[in-house]
Protein chains: 2
Amino acid sequence: MNATQIDQVRRFNRAVTARVGVLHDHYLGRERPIGEARLLWEVGEEGRDVRRLRERLGLDSGYVSRLLRRLEADGLVTVEPQHDDRRVRTVRLTDAGRAERAMLDARSDDLAGSLLAPLNSAQRARLVAAMAEVERLLTAGTVTFDAVDPDHPDARECLRSYVTELHERFDTGFDPARTLLPDPGELRPPRGLFLVARLHGEPVGCGGLKMPSDAPAEIKRMWVAPGARGLGLGRRFLAELEARAAEHGRDLLRLDTNRDLTAAIGLYHSYGFTEVPAFNDEPYAHHWFEKRVAAPPRQ
Amino acid sequence: MNATQIDQVRRFNRAVTARVGVLHDHYLGRERPIGEARLLWEVGEEGRDVRRLRERLGLDSGYVSRLLRRLEADGLVTVEPQHDDRRVRTVRLTDAGRAERAMLDARSDDLAGSLLAPLNSAQRARLVAAMAEVERLLTAGTVTFDAVDPDHPDARECLRSYVTELHERFDTGFDPARTLLPDPGELRPPRGLFLVARLHGEPVGCGGLKMPSDAPAEIKRMWVAPGARGLGLGRRFLAELEARAAEHGRDLLRLDTNRDLTAAIGLYHSYGFTEVPAFNDEPYAHHWFEKRVAAPPRQ
DNA sequence: CCGGTTTCCTGACTAAAGTCAGAGAATGAA
DNA sequence: TTCATTCTCTGACTTTAGTCAGGAAACCGG
């Protein structure tokens with residue numbers, strides 16, 4: 001990270017807050033204070049508990065309560081106790097509320113349109129593409145990688161999805177009991193470790209590292225949720241796992257994979273893995289890779 | 001502009017306000033209200049007139065006055081009458097003010113850094129490049145093109161800069177009196193028109209269209225300020241002028257240019273002009289172009 | 001030097017956004 | 001059953017961010 005980059009980011013921040021931020025408030029809160037508008041928006045089509053609303057907007061409970069009273073008085077929402085826990089109250093939109101929310105939605109479209117309107121179609125395409133890239137990378141930046149026990153609920157959720165996906169994608173199907181890693185103990189310290197990637201607190205991927213004392217370190221069970229693909233998480237998993245292996249004094253990283261996972265194979269190649277002869281009898285593997293462990297690429 | 005684009009812009013807006021917007025306020029206004037912080041920032045190292053501050057922040061004069069009193073009471077700024085017009089008052093930072101501003105500066109750097117920090121260096125480079133693109137295009141979107149009289153102060157300012165620049169760039173120098181357009185009346189309705197491009201109210205470019213009754217329309221005096229280059233303004237001038245010519249029922253557009261203006265020559269080619277034999281005796285011209293007038297490319 | 005204009009200031013407001021300290025009902029654990 | 005906890009609400013308060021009307025001083029053109 002250098003001064004030129006910092007400078008560009010700051011220019012970006014200025015331009016965006018000036019253009020998007022100001023317009024946002026201007027478009028959103030015309031006859032309704034922004035606080036109420038944001039709340040109305042967060043209630044959503046489905047309705048939402050007061051507690052969740054407070055969390056998502058980061059507001060004081062008294063304040064939210066007051067905002068709700070005002071929306072209720074205007075006939076935009078109803079607030080009713082939940083059935084199973086009557087302390088918790090659920091907010092739902094009325095028809096009028098739905099209509100007002102739809103109007104806010106339309107205004108958001110207008111705002112988006114007003115950013116594109118002055119540009120010609122080639123410029124629009126470039127702006128939209130660049131915005132997609134910024135959004136992707138800003139989002140990617142909020143993903144955290146935490147070492148957890150393979151029995152942690154988030155880990156189990158990822159592993160379940162991993163198995164389901166492989167079963168669908170392999171033309172032979174996939175039965176985890178037949179693989180070389182039926183025992184999650186191998187992915188738990190001190191014999192290994194297991195990472196979960198989280199976006200806004202939700203698990204969006206996992207990756208295990210097996211570090212047997214008598215063999216090179218090996219990456220297992222790496223998976224990224226479909227909704228989080230394209231954020232470069234696969235590459236970051238490799239980097240994180242490689243860094244972890246380096247911390248444990250390992251100098252060689254191995255992995256095997258199935259011929260149906262073409263995107264993964266491409267990733268391994270581009271990350272610096274080289275294909276080697278089979279180093280195990282994994283029944284689902286068609287390709288075997290290894291890579292010398294480098295110092296982590298992050299500063 | 002289609003629904004997919006609108007949608008992408010909205011996702012971008014959400015991601016950016018969530019990440020940049022929130023962090024911005026959090027970083028900037030810690031012990032000082034954002035209003036004061038923004039004002040302190042706008043005063044700048046050099047100091048600035050109260051009037052300018054009001055304009056730039058778009059605030060009520062009474063409000064600015066009150067903010068200034070508070071900053072003054074905290075010993076961060078001094079406010080003194082200007083020498084030549086003692087109604088106008090100039091705000092200047094004290095040493096303490098300079099220190100506080102430097103701290104805000106450092107925080108802005110931190111904010112920028114916090115966006116880049118979680119990414120690896122390849123991702124950083126891509127994020128910064130995409131941000132630069134977004135910034136450029138958002139900025140370009142705020143540029144307005146207005147028809148003005150060639151004697152309007154903004155037009156004169158652009159024309160002065162135009163002449164100065166050509167004089168510096170042509171190896172022969174440039175004397176406007178020797179060109180084929182010594183008379184600005186040709187760029188004034190009904191015989192022609194003159195456009196000024198403005199960014200945040202400041203003139204950043206100009207372009208004239210000569211529409212003689214007995215000859216094709218001709219583009220003259222097109223210029224973009226050095227600070228505004230790379231925003232695609234040259235192309236937009238051509239588009240605007242072409243659209244104007246079309247509105248006046250013209251079907252052919254001409255222009256001539258000097259061999260030293262290589263970027264302009266490239267632009268004319270890429271915009272669809274084709275080089276033709278000399279159609280006038282302009283002493284500074286080496287290349288002559290023409291283009292069939294099309295319907296304007298914007299929706 | 002006079003009347004109109006500009007520039008900045010003050011005083012009196014307002015609305016929005018939020019904080020804080022309890023109160024009261026519902027729940028869960030012992 | 002009791003006691004602590006959770007969840008939401010109310011009342012009383014503050015700060016921030018402004019708006020509006022008018023007034024004093026300085027300037028400018030005739």
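Values below: every heavy atom of this structure, side chains too, minus hydrogens, waters and symmetry copies. Lettering follows sequence order; numbering is per chain, from 1.
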Protein-nucleotide distance ([X], atom [atom1]; [N], atom [atom2]), rounded to Å:
X: A:Glu36; N: C:dG18; atom1: CD; atom2: P; result: 12 Å
X: B:Asp85; N: C:dT5; atom1: CG; atom2: P; result: 17 Å
X: A:Asp84; N: D:dC7; atom1: CG; atom2: P; result: 13 Å
X: A:Arg52; N: D:dT6; atom1: CZ; atom2: C1'; result: 15 Å
X: A:Asp49; N: D:dC9; atom1: CG; atom2: P; result: 11 Å
X: A:Arg54; N: D:dC9; atom1: CZ; atom2: P; result: 9 Å
X: B:Arg51; N: D:dA26; atom1: CZ; atom2: P; result: 16 Å
X: A:Gln82; N: C:dA25; atom1: CD; atom2: C1'; result: 15 Å

**Asked** Do A:Met131 and B:Val16 have side chains that get closer than 4.5 Å, going by heavy atoms?
**Response** no
**Request:** For B:Val64 and for A:Arg86, locate the closest nucleotide of DNA chain C by heavy-atom distance; then report the residue assigned to the nucleotide nearer the 5' terminus.
**Result:** B:Val64
**Message:** Let me spell it out: for each of B:Gly62 and A:Tyr63, pick the nucleotide of DNA chain C with the closest heavy atom. Which residue's pick is nearer the 5' end?
**Reply:** B:Gly62
Could [X] and [Y] be called an ion pair, given the rule that one side-chain N must be under 4.0 Å from one carboxylate O?
X: B:Arg160; Y: B:Glu157; value: no
X: B:Glu133; Y: A:Arg126; value: yes
X: B:Asp60; Y: B:Arg66; value: no

Which nucleotide sits closest to the side chain of [X]: [options]?
X: A:Ile34; options: D:dC9, C:dA17, D:dA17; value: C:dA17
X: B:Arg69; options: C:dT10, D:dT16, D:dT8; value: C:dT10
X: A:Val88; options: D:dC7, C:dG18, C:dT10; value: D:dC7

**Asked** Counting only side-chain N and O atoms of B:Arg38, is one of them less than 4.0 Å from OP1 or OP2 of D:dG18?
**Response** yes
**Message:** If you compare every side-chain N and O of B:Arg87 against the phosphate oxygens of C:dC8 (OP1, OP2), does one of them come in below 4.0 Å?
**Reply:** no
Could a donor-acceptor pair under 3.5 angstrom be found where the side chain of [X] meets the base of [N]?
X: A:Arg66; N: D:dG11; result: yes
X: A:Arg89; N: D:dT8; result: no
X: A:Ser61; N: D:dC7; result: no

**Request:** May I ask you to say what A:Asp60 touches in the nucleic acid, namely base, sugar-phosphate or nothing, with a heavy-atom cut-off under 4.0 Å?
**Result:**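 Result for A:Asp60 = base.
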**Item:** Main-chain N/O of B:Leu93 paired to B:Arg98 side chain as donor or acceptor, under 3.5 Å
**Value:** yes
